[in-house]
Q: 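Structure below; questions to follow.
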Amino acid sequence: MKAFELERRVREFLSAEGMLMPGEGVVIAVSGGPDSVALLRLLCDLNKSQDWGCTFYVAHLNHMLRGEESEGDERFVQELASGLGLSFTTKRVDVRQEAVREKCAIEEAARQARYSFFEGLARELGMKVVAVGHTADDNAETVLHRIIRGTGLAGLAGMRPVREISRGSGIRLIRPLLSTWRQEVLDYLREKDVSYRIDSSNLQAGYLRNRIRLELLPLLGKYNPRVKESLVRLAETAGKEYAILEGEARKIIEAGLTREEMGYILETTLLKGQPSFLQHLVFREVLGQIGLPLKKVDSKHYEGLCS
């Protein structure tokens, strides 16, 4: 694929999903890897060629997991931002220590640290958009990861092109490369002669996500050479269906949820006769609105609320 063709597709994807408005400020998350470097270069080139008038700010989180390699990533991204004339902020977080403190996997601790940093920086800068470099490959891996761990329709929907970075934040998280395959990214960078960093931890089979990428997907590819495309189509279909259910749930909430001095009251009679999965979604949305951590609520909790 020629670079100009990828630029056109990304521009059209941005427009179709309503990701970015002219003149907006955007925090661009850059790890130094190929996906985020391509994202940065594409957005900068499109901003210039399309005369968007957007302001970009480069953010890098040093996870402190790979010693000198992590330090090298940080220096690389700083030099990259400087070469493009963009402001740059980095933060160092001992993710391994955070994982112990939060009693969670290192992958989850790293994800939480990243999004917390990006959201906080965007708020500090008065920007309403955070851009990350997830690709279609990432989406396929995410769907398969969730299937393995157990998931429902929401999980099958995979990554969304646009969502709030956290509920009620008012800050959009956008994924301009979500319709782009990783190989297309690599081809683009090679054509543009743009360098990037390789995270050696991505080549290790110690993490489940890496085993999915390095072992499981190649194995499934023997049964279906287009398995990643199938997983992405599954996500798109599930996402459309889930969006319809979300709309129905919101109607029930708008009609039956009121805020009182001591908390919230939900008129549960509105749920009578509704299918259980819709009842679960209503309770999920309500719990999210009142700020409860949804990851600690499973299907048994929802069933108890519905009984």
Side-chain angles (χ1 to χ4, degrees), residues 7 9-31 33 35-48 50-61 77 81 84 86-89 91 110-136 138-139 142-143 154-155 157-180 185 232 235-236 238-240 242-247 249-250 253 284-285 288-289 291 293-295:
E7 290 171 0
R9 281 178 43 199
V10 171
R11 183 185 74 244
E12 291 177 353
F13 188 57
L14 283 161
S15 176
E17 298 294 338
M19 293 189 193
L20 194 58
M21 301 298 293
E24 285 194 301
V26 185
V27 172
I28 305 178
V30 183
S31 67
D35 299 340
S36 62
V37 170
L39 171 69
L40 177 62
R41 179 63 183 268
L42 279 161
L43 288 180
C44 285
D45 287 351
L46 287 171
N47 191 40
K48 183 177 180 180
Q50 302 301 308
D51 196 24
W52 287 342
C54 291
T55 300
F56 296 146
Y57 199 104
V58 177
H60 174 81
L61 184 72
V77 176
L84 292 169
L86 301 177
S87 298
F88 167 82
T89 292
K91 181 178 180 179
R111 192 191 71 82
Q112 291 177 5
R114 285 195 300 273
Y115 285 118
S116 176
F117 167 51
F118 301 148
E119 180 180 348
L121 180 60
R123 185 172 290 108
E124 179 184 328
L125 296 170
M127 294 182 172
K128 297 296 185 182
V129 186
V130 172
V132 294
H134 292 133
T135 65
D138 293 309
N139 205 12
T142 294
V143 173
M159 297 176 171
R160 297 187 180 188
V162 185
R163 68 168 175 83
E164 268 194 309
I165 195 167
S166 67
R167 188 181 293 269
S169 67
I171 296 172
R172 299 194 308 282
L173 179 73
I174 66 171
R175 297 182 169 106
L177 301 184
L178 201 59
S179 64
T180 301
V185 166
V232 168
E236 291 172 350
K240 291 175 182 177
Y242 189 70
I244 294 173
L245 292 176
E246 280 186 313
R250 280 193 293 269
I253 292 170
R284 176 183 172 84
E285 289 297 310
Q289 285 189 25
L294 295 178
K295 289 193 174 181

Q: Only counting residues at least two apart or in another chain, list the ones meeting side-chain hydrogen bond (donor to acceptor under 3.5 Å, both in side chains) with Thr55.
A: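 Partners of Thr55 under the side-chain hydrogen bond (donor to acceptor under 3.5 Å, both in side chains) test: none.
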Q: Can you list the residues that meet the side-chain hydrogen bond (donor to acceptor under 3.5 Å, both in side chains) rule with Arg163, with sequence neighbours excluded?
A: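 Partners of Arg163 by the side-chain hydrogen bond (donor to acceptor under 3.5 Å, both in side chains) criterion come out as none, since no residue qualifies.
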Q: Which residues satisfy the side-chain contact (heavy atoms from CB on, under 4.5 Å) test with Ser87, sequence neighbours excluded?
A: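 Partners of Ser87 by the side-chain contact (heavy atoms from CB on, under 4.5 Å) criterion, ordered by chain and then number, come out as Tyr57.
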Q: With sequence neighbours excluded, tell me which residues meet salt bridge (charged side-chain N to carboxylate O under 4.0 Å, His left out) with Glu24.
A: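 Glu24: salt bridge (charged side-chain N to carboxylate O under 4.0 Å, His left out) contacts with Arg172.
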Q: How would you list, by chain and number, every residue that makes a side-chain contact (heavy atoms from CB on, under 4.5 Å) with Thr142, sequence neighbours excluded?
A: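 Thr142 satisfies side-chain contact (heavy atoms from CB on, under 4.5 Å) with Arg146, Met159, Arg209 only.
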Q: Residues two or more places apart in sequence or in another chain: which of them pass salt bridge (charged side-chain N to carboxylate O under 4.0 Å, His left out) with Glu12?
A: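 Expected list: Arg8.
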Q: Go through the structure and list residues passing side-chain contact (heavy atoms from CB on, under 4.5 Å) with Ala249, not counting sequence neighbours.
A: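 Here the qualifying residues are Leu278, Leu281, Val282.
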Q: Taking only residues two or more places apart in sequence, or in another chain, which ones meet Asp138 in a side-chain hydrogen bond (donor to acceptor under 3.5 Å, both in side chains)?
A: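 By the side-chain hydrogen bond (donor to acceptor under 3.5 Å, both in side chains) rule, Asp138 matches Thr135, Arg182.
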Q: Report the residues that fulfil salt bridge (charged side-chain N to carboxylate O under 4.0 Å, His left out) with Glu246, sequence neighbours left out, ordered by chain and then residue number.
A: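 Glu246 satisfies salt bridge (charged side-chain N to carboxylate O under 4.0 Å, His left out) with Arg160 only.
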Q: Apply side-chain hydrogen bond (donor to acceptor under 3.5 Å, both in side chains) to Tyr115 and list each qualifying residue two or more places apart in sequence or on a separate chain.
A: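 Scan of Tyr115 (side-chain hydrogen bond (donor to acceptor under 3.5 Å, both in side chains), adjacent residues dropped) gives none.
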Q: So, using side-chain contact (heavy atoms from CB on, under 4.5 Å) as the criterion, who are the partners of Ala38 when residues are at least two apart?
A: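 side-chain contact (heavy atoms from CB on, under 4.5 Å) check on Ala38 returns Val185, Tyr188, Leu189.
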Q: Suppose we screen for salt bridge (charged side-chain N to carboxylate O under 4.0 Å, His left out). Which residues come up paired with Arg114, at least two apart in sequence or across chains?
A: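 None.
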